[in-house]
Amino acid sequence: MRFGILVFPGSNCDADCYHAVTSLGQPARYIWHKETSLKGIDAVIVPGGFSFGDYLRCGAIAKQSPIMQELVRFADAGRPVIGICNGFQILTEAGLLPGALMANRSLQFVCKDVNLRVANTRSPFTQLYRNGEVVRMPVAHHDGNYFADDETLRELDGEGQIVFQYCDTEGHVTEDANPNGSARNIAGVINRSRNVLGMMPHPERMAEPLLGGVDGRRVFEGILSQVRV
């Protein structure tokens, strides 16, 4: 399976994502934001970082890059796309996922490991987890506060589009466990077609024992088991 990893000026997690998928024995290549084709690519990762310095809004300038029109077509064709941290912000700006990411409630950069409750396993990205399982992954962001209006939140909940929520070690979704103020403790959502995932935590940074754990590896393994070619 061939992974494409988008690279914008200011991306800084592209190499981490490259390592995460190639360590699973999969080929990957970097795709510069000025390219216009995803030919030969089976799944796309939009990595974290600070695309274009996060000017205007996080992801707002990256959304205008030439590759994004092709990414929208790629996603609309039902092919897998995952946006991590800044990648999540870019996907919401591009309209591939609902909602928006705002400044953290504390107005401070948050960098630490967090506990996540797997809220829905009915997606390629989460199918190898157990429903309600508690996993650990790191976050590193200033604008990870997920916001959507009440109607959208009800729809996300009702359609099973909330896939990760911040929680305590026992799996309880509490205010104290919320690192950024996200509505309903949302850490990750999918689109209606379940082929696009956006998440603020970094699965690529928790994908092998040397990094302190492997809880993030199953996100990538799930993509492989669903659409292996």
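Start at 1 with the first residue, then count along the sequence. Bear in mind the structure is a predicted one, so any value in this text is a computation, not a measurement.
Residues satisfying the side chain to side chain donor-acceptor pair (under 3.5 Å) test with D149, not counting sequence neighbours, are T152. Considering only residues two or more places apart in sequence or on other chains, T92 meets the side chain to side chain donor-acceptor pair (under 3.5 Å) condition with none of them. Scanning for salt bridge (charged side-chain N to carboxylate O under 4.0 Å, His left out) contacts around D157 gives R184, with sequence neighbours left out.
S23 and E208 share no donor-acceptor pair across their side chains, judged by distance under 3.5 Å alone.
Looking at N185, its side chain does come within 3.5 Å of a backbone N or O of Y166 through a donor-acceptor pair. A donor-acceptor pair under 3.5 Å is formed between the side chain of R136 and the backbone N or O of G212. When atom types are taken as modelled, the side chain of S182 and the backbone of G144 share a donor-acceptor pair closer than 3.5 angstrom. Formation of a donor-acceptor pair under 3.5 Å by the S65 side chain with backbone atoms of M68 is not found in this model.
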Got a list of side-chain donor-acceptor pairs under 3.5 Å for residues 46-64, not counting sequence neighbours?
from: S51; atom 1: OG; to: N86; atom 2: OD1; distance (Å): 2.9
from: R57; atom 1: NE; to: E93; atom 2: OE2; distance (Å): 2.9
from: R57; atom 1: NH2; to: E93; atom 2: OE1; distance (Å): 2.8

Would you be so kind as to tabulate the donor-acceptor pairs closer than 3.5 Å made by side chains of residues 192-200, with sequence neighbours excluded?
from: R192; atom 1: NE; to: E155; atom 2: OE2; distance (Å): 3.1
from: R192; atom 1: NH2; to: E155; atom 2: OE1; distance (Å): 3.3
from: R192; atom 1: NH2; to: E155; atom 2: OE2; distance (Å): 2.6
from: R194; atom 1: NH1; to: R122; atom 2: O; distance (Å): 3.4
from: R194; atom 1: NH1; to: G160; atom 2: O; distance (Å): 3.4
from: R194; atom 1: NH2; to: E159; atom 2: O; distance (Å): 2.7
from: N195; atom 1: OD1; to: N191; atom 2: ND2; distance (Å): 3.0
from: N195; atom 1: ND2; to: A75; atom 2: O; distance (Å): 2.9
from: N195; atom 1: ND2; to: R79; atom 2: O; distance (Å): 2.8

Checklist entry - Hey, mind stepping through H141 and Q89 against side-chain hydrogen bond (donor to acceptor under 3.5 Å, both in side chains) and telling me if it holds? => result CA-CA 11 Å; H141 58 251; Q89 296 161 345; over 6 Å; no
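Residues V219 and Y129 form a side-chain contact, since some pair of their non-hydrogen atoms from C-beta on lies under 4.5 Å apart. With a 4.5 Å cut-off on side-chain heavy atoms, F3 and D42 do not count as touching. With a 4.5 Å cut-off on side-chain heavy atoms, T121 and E133 do not count as touching. Using a 4.5 Å heavy-atom cutoff, the side chains of N180 and Y146 are not in contact.
When hydrophobic residues (I, L, V, M, F, W, Y) are linked wherever their side-chain heavy atoms come within less than 4.5 Å, V214 remains an isolated member.
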